[in-house]
Visitor: 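Take this structure, written in C-alpha cells, and hold onto it; I'll ask about it next.
Naming: A, B, ... by sequence-line order, numbering from 1 per chain.
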Protein chains: 4
Amino acid sequence: MAAVEKPRGLARENILDSATRLFLDKGIDKASLSDIAAEAGVSKGTLHYHFASKNDLIFHITETHMEAITDELLSLLNRMKKCPDRLFSALMSSLLEAKGRGRLHLHLVREAVAGNPELRSKIAGSYKGWENLLQDSLSQLFPGHRAPAFAAQLIISIIDGFIIQDLVRQKEVDFTHLVEALMALNVFFSEKPDLEKLMV
Amino acid sequence: MAAVEKPRGLARENILDSATRLFLDKGIDKASLSDIAAEAGVSKGTLHYHFASKNDLIFHITETHMEAITDELLSLLNRMKKCPDRLFSALMSSLLEAKGRGRLHLHLVREAVAGNPELRSKIAGSYKGWENLLQDSLSQLFPGHRAPAFAAQLIISIIDGFIIQDLVRQKEVDFTHLVEALMALNVFFSEKPDLEKLMV
Amino acid sequence: MAAVEKPRGLARENILDSATRLFLDKGIDKASLSDIAAEAGVSKGTLHYHFASKNDLIFHITETHMEAITDELLSLLNRMKKCPDRLFSALMSSLLEAKGRGRLHLHLVREAVAGNPELRSKIAGSYKGWENLLQDSLSQLFPGHRAPAFAAQLIISIIDGFIIQDLVRQKEVDFTHLVEALMALNVFFSEKPDLEKLMV
Amino acid sequence: MAAVEKPRGLARENILDSATRLFLDKGIDKASLSDIAAEAGVSKGTLHYHFASKNDLIFHITETHMEAITDELLSLLNRMKKCPDRLFSALMSSLLEAKGRGRLHLHLVREAVAGNPELRSKIAGSYKGWENLLQDSLSQLFPGHRAPAFAAQLIISIIDGFIIQDLVRQKEVDFTHLVEALMALNVFFSEKPDLEKLMV
DNA sequence: TATGAATGAGTTTTCATTCAT
DNA sequence: AATGAATGAAAACTCATTCAT
C-alpha cells in the first residue's frame, strides 16, 4: 500500500511550480515562457503541450493560489471557533507570513485588473467567498455584531493593505497593535459591547 | 494679462499625459512606447528625446503621482484641523475618488516590487512621508493618542486595501461604516477614551 | 555509401556562412542581423534562436576563422619541414591568397580592439599560438637561430602589415623580394650564418 | 605681436578633438554624433553646422591624422640624413609611441576598407607618399640599395604589423632586435653589403 | 508525451539628419 | 554661429506560438 511515485503529471507540476516561482519573482510579464520552461527543465514545446497559452498558465496558477488561501482561511476559522480573541492574530500571521504569497498575489491582481476580465472575475469570486466565510465567523463569534459584512470586508482590506506595505517598505509589521485594534473594532460593533474589555 | 499658452514643453506634457493614461489603462508592461508615442501624437524618436528610456518615463510618472497624493493629503489635513470627526470621511473620499488614480497606483507599486528597486525606494519614501503627516495630525486631533504611528499605518493600509477591493470587485464601498469604524479605532486609542461617544 | 546530405544544422551553417560573408564585405557594424538573416534565408527569430546575440555570432566566427588559420599554418609547417627555403614563399602565398580572409581578419581585430575584451583575448591567444608554432619551426630549420621568438613575431607582423597594404592599396605584392628578404633575415640570425648564401 | 586667443573655429577644433578621441576609443561606428557633441560641449545642431555629415567628420580626421604622420616622417628623415644606423630605431619609436595613434589608424583603415572608397583612396595616397619618402631616404642613405622601393614597403608593413600586435597583445615590443633585423635587411640589399658589419 | 527548430510580430532603443528660431 | 526639438528609419533583441517529428 506504499504510495508509488507518480510520474503522472510530473512535468505539469514542475511547470506550475516554476511558473509560480518566476511569476512571484519577476512579475508575470517579465517571466517569459522560455524562462519558465528552462526553470522547469522542459522544452517550450512541452510547456505548450500542457498549457495552451500563457494565459492558460496564469489562470491555473491563480486558481491554485486562490484555492490555497481559501482552504487555509477555512481551516483557520474552524480551528478558531472557540477563541475569538485569537482569531485576528492567527488570521494576520497565517495570511501574511507565507513567504512570497503576497508578492504573487499582487502580480495576479494586477494582471487581472489590467485587461484580463476573466481572471478578474475569478479573483473577485474568491474575494467574495472569503468575505462570506469571515462574515459568518464573525456573526458566530460576536453574537449580535452590528456589521459583520462590513467588518469582514475591512479585515480583508487591511490584510491586502499590509501586504502592500510589507512589499514596498519591507519592514516588520506591528501585529500586537493590529490585533488589538481589530478586537476593539469588533467588540465595539457587538450588540452589547463589553467596553471594559477594550480598556484592558 | 491672461497667461498665454506656452508651447514650451508641450510635447513633453503630452507624452507624460498619454503615458499616464496608457499605464493606468493597460498596465505598464502592456503599454508600449509605440502606443504612447502614437497617443501623444509624436514620433518614437521624440519620445526618446524627452525620456531616455521607458524606466525614465515610469520614474517621472511615479514622481508626479506620488507628489500629487502627498499634496492632496497635506492640504486635506490642513483643512481638517478643526474637525477631527470629518477627517476620515474626507480622507477616504478624497483619496479613493480620483478616477484612475487607484489603478495607476497598483501598476506603479507592482512595477516597483517586481525588480525596480530604485522605484521601490521612491515609493517607500512617499509612504513613509504620508505616515508621518498622518501621525502628526492624529497627535494633534486626538491628544493623548496611544499609538498615532500605528494608527497612521493602519489607515494607509486600509486605503490601499480598499483600492484593491475597488479594482477587483468594482462595487461601491460603504463609507458610512468605514468612517464610523475608523473613528471608533481612534477614540479607542485616545488617552481618555470617551466610550460613550463610541456608542452614539 | 555516399554521405547523405544532412539537413542537421543546415540553418546554423547558413547563418555562419552568410554572416562571415557580410562581415567580411561590409564590416561587422554595418552588417545588420537583418541583412544576415535575409542572406541566410531565415527569419531574424531563427537567427536569434541559434545565436543569442550579435556578439555570440561574432565570437563563433572569430573562433572558426582563427582555427582555420592555425590549422593551415600547422599543416604548412609540417609539409615544409624539409625545405626551409620554400617555407617563406609557402607561408606568404598561403596566408595572403585566401580571398577575403584578410578583410575578415581586419574587421575582427578591430572589433576586438574596440571594446570587446573577451574577443581580444581570444585573438591574442591565437597570435601567441602562431608565434610559438613558427618559433619551433624556425628553431628546427635554422639550428642555432639567435632569436627565433623575435623572428616569429616579425614574420607575423609582416604578414599583417602586408594584409593591410593589400586591402588599402589593392596592388599586387612582390613576393619574390619578400621571400628573399625573409630568408636573409633568418640566415643572418643563424649561429653560423652562411653569408655567401645571402648573396646569391 | 602677442598671439591673441582665437575663438575663431574654437568649436570646430573642439569637435575635431573630441571626435578623434572617441573614434580612437570606441571605434568609428560606436562613437555616435551625440557622444561627440556632448564630449565637445556643443549641440548636435552645431556639430552639423560645422560638418555636414559623419562622413565629412571622418574625412577631416583622416586627413589630419595622415598629414601628421607624413609630417613627422618627413622631419624625421631629414634629421636622420647623417646617421643611417639610427634611422630605424628613430622610425619605430617615433611612429609607434604616439599613444592612441595606432588605435585611430586601425579604425580609419577599417572604415576605409569597409565601404568608403573615397576614404580608402585618400589613405592609399598617404601610404604611397610614405613609401616614396622612405624609398628616397634609403637610396640616399644606402647608395646602391638593390630594392629601395620594396624595402620601404616592407618597413611600412612591419610598422603596421607591430601596431596590430601591440593593440591585440598589449605587450611591449622588443625594439632592439627589431632595429637590428631591419639594419640587416637593408645592408643585405646594398650593392656591396658590408657583411662584416652585420656580424657585429 | 515531448521536443527542437522556426517564425513573425512586436519591443525598446539608437542615431544621423533636418529645421525653425 | 548656434541650438533644441523633432523625426523616421533601422538597429538589436524578445517572445508567445506553431509544427513536424
Visitor: To the nearest angstrom, how far is A:Lys44 atom NZ from E:dA5 atom C1'?
Guide: 10 Å
Visitor: Within the 4.5 Å heavy-atom criterion, are B:Asn14 and B:Val42 side-chain neighbours or not?
Guide: no
Visitor: Can you tell which of F:dA12, F:dA2, E:dT3 lies closest to the side chain of C:Lys54?
Guide: F:dA12
Visitor: In whole Å, what is the span from the NE2 atom of D:His50 to the C1' atom of E:dA16?
Guide: 17 Å
Visitor: Taking the minimum atom-to-atom distance to the side chain of B:Tyr49, which one of F:dA6, F:dA1, F:dA12 wins?
Guide: F:dA6
Visitor: Output the distance between atom NZ (B:Lys26) and atom NE2 (B:His107), rounded to the nearest 0.5 Å.
Guide: 11.5 Å
Visitor: What's the shortest heavy-atom distance between C:Ala31 and C:Lys54, and which atoms?
Guide: O-NZ, 3.0 Å
Visitor: Map every base of DNA chain F to its dot-bracket character, where paired means a Watson-Crick or G-U wobble contact with both distances under 3.5 Å and | marks a partner outside the strand.
Guide: .||||||||||||||||||||
Visitor: Quickly work out the A:Phe51 CZ to E:dT3 C1' distance and round it to whole Å.
Guide: 17 Å
Visitor: To the closest 0.5 Å, what do you measure between CD1 (B:Ile123) and CD (B:Glu118)?
Guide: 11.5 Å
Visitor: B:His48 has a side chain; which of E:dG4, E:dT14, F:dA2 sits nearest to it?
Guide: E:dT14
Visitor: Please state how far atom CG in C:Leu57 lies from atom P in F:dA12, giving the value in whole angstrom units.
Guide: 10 Å
Visitor: Give the rounded distance in Å between these two atoms: CG of C:Leu10 and C1' of E:dG4.
Guide: 15 Å
Visitor: Just the rounded figure in Å: distance from P of E:dT17 to CG of D:Asp56.
Guide: 10 Å
Visitor: In terms of relative ring orientation, are C:His65 and C:His105 parallel, tilted or perpendicular, with 30° and 60° separating the classes?
Guide: tilted
Visitor: Out of F:dA6, F:dT17, E:dT7, which has the shortest distance to the side chain of C:Ser43?
Guide: E:dT7
Visitor: Whole angstroms only, please: what is the CG-C1' distance between D:Leu47 and F:dG4?
Guide: 14 Å
Visitor: Taking atom CG of C:Leu108 and atom CD1 of C:Ile58, what is their separation to the nearest 0.5 Å?
Guide: 8.0 Å
Visitor: Quick check: are there more than 12 heavy atoms from other residues, nucleotides or ligands sitting under 6.0 Å from CD of D:Glu63?
Guide: yes
Visitor: May I ask you to test the B:Arg110-B:Asp29 pair for a side-chain heavy-atom distance under 4.5 Å?
Guide: yes
Visitor: Rounding to a whole Å, what distance do you find between B:Glu13:CD and F:dA5:P?
Guide: 13 Å
Visitor: Under a 4.0 Å heavy-atom cut-off, which of residues 20-38 of chain B touch DNA chain F?
Guide: none
Visitor: CG/A:Asn55 to CG/A:Asn116 distance, rounded to the nearest 0.5 angstrom?
Guide: 4.5 Å
Visitor: Quick check on DNA chain F: between B:Gly45 and D:Thr46, whose nearest nucleotide comes earlier from the 5' end?
Guide: D:Thr46
Visitor: Taking the side chain of B:Ser53 as heavy atoms from C-beta outward, which of F:dG4, E:dG10, E:dT13 is closest to it?
Guide: E:dT13
